[in-house]
2 protein chains.
Amino acid sequence: MVKLIALYKKPSDPAEFDKHFYEIHLPLVQSVPGISRVDVTRITGAPFGEARFYLMEELVFESQRVMDTAMSSAQGKSIARDVMSFAANLVVLLQGVPGDSPASPDPNHLPEF
Amino acid sequence: MVKLIALYKKPSDPAEFDKHFYEIHLPLVQSVPGISRVDVTRITGAPFGEARFYLMEELVFESQRVMDTAMSSAQGKSIARDVMSFAANLVVLLQGVPGDSPASPDPNHLPEF
């Protein structure tokens, strides 16, 4: 399982951002071939100080190969264009994999959880 | 469902960070009363440029009340102390809720996804 994570900073007009995000962006993402799941998390605050981000979006794929194929498809390219059109200055993009155990565990000393 | 999200920037010594994270920090988190799940995502890169973060940790609770109780317990406080001991300058903390539909949807015009 691999994830493409988009962290969006607070937009100057949250209502306009939300409208574009839910009405245009999310349906585009959900149409990408091979996508397993899209998780959206609205940031409601931070334990200390002000929250650094407004919204997190996670595109989940079965494998790196499936993600690469999806993101280089016509739909994948239209998502990239869409993000640049409404959130170029807001978005931080990351790729990740589940990491419940260390990156290179010693097979003789696997953590016990 | 609510989440406490910790985004860690790249540590100067990843091996030392990982050792503390998996051997000390994660068992502490998993011992917090009322926690539903801990998801760890290792950041492997970014679609453009360098990845802004190294690791993402998500503590999932059933409700805000359960999270607040957990984080103000003795175990919750020891997690906060632990994070400050090994990642004070690396961590960005956020709270969030699932946001697959807009924050204040008009019940007569729910999005169709």
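By convention in this document, chain letters (A, B, ...) are assigned in the order of the sequence lines, proteins followed by strands, and residues within each chain are numbered from 1.
- For residues 43-66 of chain B, heavy-atom neighbours of chain A at less than 4.5 Å comprise B:Ile43, B:Thr44, B:Gly45, B:Ala46, B:Pro47, B:Phe48, B:Ala51, B:Arg52, B:Phe53, B:Met56, B:Glu58, sorted by residue number.
- By the salt bridge (charged side-chain N to carboxylate O under 4.0 Å, His left out) test, B:Asp39 is found to be paired with B:Arg37, residues two or more places apart in sequence or in another chain being considered.
- Annotation: residues 1-15 of chain B contacts chain A through B:Lys3, B:Leu4, B:Ile5, B:Leu7, B:Lys9 [non-hydrogen atoms, separation under 4.5 Å].
- When the heavy atoms of residues 80-96 of chain B are compared with those of chain A, the residues falling under 4.5 Å are B:Val92, B:Leu93, B:Leu94, B:Gln95, B:Gly96, listed by number.
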